[in-house]
Amino acid sequence: MNNKKFPNGFDNWQETHFEVVTAITNCLHSEIGLPVKIREERGLRGLYELAEELTDKFENSHINFNWGDTTSFLDEIDNFLEKELYEQ
C-alpha cells in the first residue's frame with residue numbers, strides 16, 4: 001500500500017488534484033501540451049502518473065500556504081499548470 005504524505009492535508013491535495021486533472025483533460029481535448037505527448041508515449045498510466053506528480057509538486061511547493069481566498073489558489077494553480085503543461 002502507498003504511504004502517501006499530504007503536506008497540507010488530504011482535502012487540499014484532493015482539490016489540487018482535481019484542478020490538475022481538469023487541466024490535463026483540457027489539454028487532451030485540445031490536442032496540445034505535454035499530456036498529449038505523454039499519452040502517446042506512456043498511455044493512460046503515464047497520465048495518471050503525471051497528475052499525481054504535478055499535484056505533489058504543487059502541494060510540496062506550497063506547504064502551509066494561506067491562500068486567503070479561492071481566487072488566490074486558482075490563480076496560482078493556473079500559473080503553475082501553464083508552465084508545467086504548455087511550456088515544455
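Throughout, numbering of the chain's residues begins at 1 and tracks the sequence. Please read these numbers as outputs of a predicted model, since none were measured by experiment.
- With a 4.5 Å cut-off between side-chain heavy atoms of Ile, Leu, Val, Met, Phe, Trp and Tyr, the cluster of Phe18 takes in none.
- Among residue pairs with one or both ends in residues 21-39, those qualifying as side-chain hydrogen bond (donor to acceptor under 3.5 Å, both in side chains) are Glu31-Arg39; sequence neighbours excluded.
- Here the OG1 atom belonging to Thr55 is positioned 12.0 Å from the CG atom belonging to Asn12, to the nearest 0.5 angstrom.
- Evaluation of the side-chain hydrogen bond (donor to acceptor under 3.5 Å, both in side chains) rule for Asn60 yields no partner, not counting sequence neighbours.
- Pairs passing the salt bridge (charged side-chain N to carboxylate O under 4.0 Å, His left out) check and including a residue from residues 5-23, sequence neighbours excluded, do not occur.
- Chaining together hydrophobic side chains whose heavy atoms lie under 4.5 Å apart places Phe10 alongside Phe6, Trp13.
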Inset, instruction - Go through the steps for Asn8 and Thr16 under the test side-chain contact (heavy atoms from CB on, under 4.5 Å), then give the verdict. - result: CA-CA 11 Å; Asn8 302 309; Thr16 299; over 6 Å; no
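- A search for side-chain hydrogen bond (donor to acceptor under 3.5 Å, both in side chains) contacts involving Ser72 returns Asp69, not counting sequence neighbours.
- If you take CG on Leu44 and CG on Leu50, they are separated by 12.0 Å, rounding to the nearest 0.5 Å.
- Between the CZ atom in Phe65 and the CD atom in Glu76 there is a gap of 6.0 Å [rounded to 0.5 Å].
- The stretch residues 43-52 participates, sequence neighbours left out, in these side-chain hydrogen bond (donor to acceptor under 3.5 Å, both in side chains) pairs: Lys4-Glu52, Arg42-Glu49.
- Pairing each heavy atom of Ala23 with each of Leu81, the nearest pair is CB-CD1, 3.6 Å.
- Between Phe73 and Phe58, the two ring planes are perpendicular [angle over 60°; tilted spans 30° to 60°].
- When all heavy atoms of Ile63 and Pro7 are compared, the closest pair comes out as CG1-CB, 3.8 Å.
- The closest side-chain heavy-atom distance from Phe80 to Leu54 is below 4.5 Å.
- Under the side-chain contact (heavy atoms from CB on, under 4.5 Å) criterion, Ala51 pairs with His17, Val20, Val21, Ile24, sequence neighbours left out.
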